[in-house]
There are 2 protein chains.
Amino acid sequence: MARPREFDEDAVLDAAVACFWRHGFDATSIRDLIGETGLTAASLYNAFGDKRSLFRLALERYIEGGIGQRLARYQEVSPLEGVRGYLRDVVERSLNDPANKGCMVVNAALEFATRDSEFRPMIAGTFARIEAFFLDCVRRGQHDGSVTRALADEDLARHCLAVLMGVRVLARIRPERAVLDGAVAALLRSLEARPDEGLLISRNDHAEIRPDTP
Amino acid sequence: MARPREFDEDAVLDAAVACFWRHGFDATSIRDLIGETGLTAASLYNAFGDKRSLFRLALERYIEGGIGQRLARYQEVSPLEGVRGYLRDVVERSLNDPANKGCMVVNAALEFATRDSEFRPMIAGTFARIEAFFLDCVRRGQHDGSVTRALADEDLARHCLAVLMGVRVLARIRPERAVLDGAVAALLRSLEARPDEGLLISRNDHAEIRPDTP
DNA sequence: TGCGTTTTAGTATGAGCGTTCTATAATGAC
DNA sequence: GTCATTATAGAACGCTCATACTAAAACGCA
C-alpha cells in the first residue's frame with residue numbers, strides 16, 4: 001500500500017555490476033551509477049543503501065552469476081576437461097571483451113587488499129571456492145590416472161589457481177591469444193600423468209623452490 | 001644563485017613510492033604524500049610537477065630499483081636456478097611484507113587497465129622484460145638439457161609469467177607460504193626435462209587448451 | 001475522497017580532492 | 001647592501017565526491 005518502484009532491481013544491479021566491474025569501487029562515482037542505471041540518487045540510496053552496500057550486492061551478483069555458474073558447469077566433466085574447460089572459458093571471454101575488464105573479484109582483491117575491508121572475506125572465499133574446484137579435479141584425476149601423481153594434489157590445485165590469476169592479470173594489460181593460450185597450454189601439459197611415473201604421491205615439501213630446507 | 005632545496009630528492013621519491021605502492025594512484029592523496037615526505041604542497045609541485053608526473057617518477061624508480069635489480073641478479077645463474085631464484089625471491093619478500101603491498105607494477109596494471117593511460121607502455125614494457133628474462137632462462141635450459149623440450153620456449157616463458165602474476169595476486173589476498181610455495185614448486189617441476197623426452201621441440205599449437213582447432 | 005506509506009525528483013551540504021596563489025625566506029652575483 | 005632567482009609555508013580556490021534533505025507524486029486502503 002505505497003508507491004511502487006519504477007525500475008527493475010535486477011536490471012539496476014546488472015548496471016551496477018557493469019560500472020564496478022569496469023572501473024572498480026573508487027573510480028565509480030554515484031553519478032556514474034545514476035547515469036548507467038537511469039535512476040536518481042534518492043532511488044538508489046532508498047533501494048540499495050550506500051555505495052558500499054551496493055557494491056556488495058553487485059559483487060555477490062557477479063560471483064554467483066559469473067564464477068558460480070562456471071564452477072558448476074565444469075565440475076560435471078572429466079578431471080582434466082574440468083580444468084581445461086574452465087581456463088579456456090576464461091581465456092575466450094577475456095579475449096572477447098573489448099573493455100578488458102578482467103575478473104571483478106581479482107580487481108576487487110587488489111583494490112581492497114591494503115584497506116581493512118568488509119569485502120575481503122567474500123573475495124578470499126571466492127578464491128577458496130575456485131581452489132577447491134581445482135583440487136577436486138586434481139584428486140579425481142590422480143585417482144583415475146589422468147593427472148600426475150608426481151606432486152601433491154594441493155600443490156597442483158594451487159598451481160592452477162595461480163595460473164588462473166595470472167591469466168586474469170595478463171588479459172587486462174596484454175590481451176593476446178598467444179600469451180594466454182601459451183600459459184594455459186603449459187599448465188595443462190604439466191598436469192598430465194607421465195607414462196613412467198610411480199604410483200606414490202610425493203609429499204609437498206616444496207623442495208623445488210626451497211631445496212636448502214630439510 | 002638561488003635558494004637551495006631543503007630535502008633529499010631520492011628520499012622524497014622513496015616516500016612517494018611507499019605511498020603509491022601501498023595505496024595505488026587514486027587512493028593516495030596529495031595530503032598523504034605531504035605527510036609521508038614531509039614537504040609542503042608547494043615544494044612537491046615545484047620539484048616534481050603534478051600527481052601524475054610524480055607517480056611516473058615513483059613507478060620508474062620502483063621498476064628500476066625493484067624489478068630491474070632482481071632481473072639482473074638472476075640472469076647470471078643457471079637457467080632453472082634463474083627462474084627458481086626469481087620466484088623464490090618474490091615469494092619471500094611477499095611473505096615478509098606485513099602490508100602485503102604486492103608488486104607496484106601489477107597493482108598499477110589493474111588500476112590503469114580500463115583508463116586510457118600514459119602508464120600502460122611502462123607497465124606492459126616491464127611485463128615484457130620479465131617475460132624476456134624467463135624466455136632466456138627457458139632457452140638456455142632447453143639448450144643445456146635442464147628444461148623440457150616438450151613445449152615451445154615461448155609457452156613455457158609465458159607459463160612462468162602467468163604464475164608470477166598469480167603469485168603476486170594471491171600474496172595480497174592470501175599470503176600463506178603453503179599457497180605460494182605450492183604454486184611455484186609445481187611450476188618449477190613442470191619446467192624440468194623428463195628423462196625420456198624426445199629431442200624435438202614441439203610447435204606451440206596449444207592443442208592442450210584448444211584441441212578442436214587444427 | 002482523503003490517509004499513510006513509499007518512491008521519486010531535485011537540490012543542498014559538508015568534506016576532501018588536486019592545484020594555485022601570496023607571501024616570505026634563503027641563496028649567489030654584483 | 002641590493003637584486004634576481006628559487007624554495008618554502010600556508011591559505012585559498014574551484015571542483016567533485018558521497019550523502020541527506022525537502023517536496024511532490026503514486027499507490028492501497030479506509
Side-chain angles (χ1 to χ4, degrees), chain A residues 1-60 104 107-108 111-112 114-119, chain B residues 1-59 107-108 111-112 114-119:
Chain A
M1 60 173 193
R3 177 170 176 177
R5 290 193 177 157
E6 300 177 357
F7 58 89
D8 176 28
E9 300 188 20
D10 283 336
V12 167
L13 280 179
D14 282 338
V17 167
C19 278
F20 285 127
W21 189 0
R22 180 190 281 257
H23 299 113
F25 179 78
D26 273 344
T28 298
S29 70
I30 297 288
R31 281 172 178 78
D32 291 338
L33 293 164
I34 288 173
E36 195 78 16
T37 61
L39 17 72
T40 65
S43 295
L44 256 187
Y45 276 84
N46 178 62
F48 304 104
D50 65 3
K51 190 182 173 187
R52 293 185 80 87
S53 66
L54 177 57
F55 183 82
R56 166 174 285 275
L57 291 171
L59 188 56
E60 282 169 356
M104 186 175 168
N107 301 348
E111 182 165 10
F112 292 106
T114 46
R115 352 181 163 177
D116 56 340
S117 164
E118 54 184 294
F119 305 118
Chain B
M1 59 171 191
R3 177 172 176 177
R5 287 191 178 159
E6 300 176 358
F7 59 89
D8 177 27
E9 300 187 22
D10 284 336
V12 167
L13 282 179
D14 282 338
V17 168
C19 279
F20 285 128
W21 190 359
R22 180 189 281 259
H23 299 113
F25 179 78
D26 274 343
T28 298
S29 71
I30 297 288
R31 284 161 179 83
D32 290 339
L33 293 163
I34 287 172
E36 195 79 16
T37 61
L39 289 80
T40 64
S43 294
L44 257 186
Y45 276 84
N46 179 60
F48 304 103
D50 65 3
K51 189 183 175 187
R52 293 185 80 87
S53 66
L54 178 57
F55 182 82
R56 166 174 286 275
L57 291 171
L59 188 56
N107 301 348
E111 182 165 11
F112 292 106
T114 45
R115 351 179 165 179
D116 56 340
S117 164
E118 57 184 292
F119 304 118

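Convention: sequence-line order gives letters A, B, ...; per-chain numbering from 1. Please read all numbers here as calculations on a predicted model, not as lab measurements.
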*If we only count heavy atoms from C-beta on, is the A:Val12 to A:Asp8 side-chain gap below 4.5 Å?*
no

_What I'd like to find out is whether the side chain of B:Arg22 reaches to under 4.5 Å of the side chain of B:Asp32, using heavy atoms alone._
no

*Could you identify which residues of residues 25-49 of chain A place a heavy atom less than 4.0 Å from some atom of DNA chain C, listed by residue number, or say none?*
A:Thr40, A:Ala42, A:Ser43, A:Asn46

What integer distance in Å separates [X]:[atom1] from [N]:[atom2]?
X	N	atom1	atom2	result
A:Asp50	C:dA15	CG	C1'	16 Å
A:Arg5	C:dT6	CZ	C1'	9 Å
B:Phe7	D:dA7	CZ	P	8 Å

_Given the structure, check if the side chain of B:Arg3 and the base of D:dA7 hold any donor-acceptor pair shorter than 3.5 Å._
yes

*Work out how much the helix from C:dT1-D:dA30 to C:dC30-D:dG1 bends between its end axes, five pairs an end, to the nearest 10 degrees.*
10°

*Is A:Lys51 reaching over with its side chain to a backbone N or O of A:Thr28, donor-acceptor style, under 3.5 angstrom?*
yes

*Any donor-acceptor pair under 3.5 Å linking the side chain of A:Glu111 with the backbone of A:Asp26?*
yes

_Nearest heavy atoms of B:Ala58 and B:Val17, plus distance in Å_ = O-CG2, 3.4 Å

_Rounded to the nearest 0.5 Å, what separates atom CZ in B:Phe25 from atom CZ in B:Arg52?_
5.0 Å

*Would you call A:Asp50-A:Arg56 a salt bridge at under 4.0 Å N-O?*
no

*Between B:Phe55 and B:Phe48, is the ring centre distance below 6.0 Å?*
no

*Choose from C:dG18, C:dA9, D:dT6 the nucleotide whose nearest atom is closest to any side-chain atom of B:Lys51.*
C:dG18

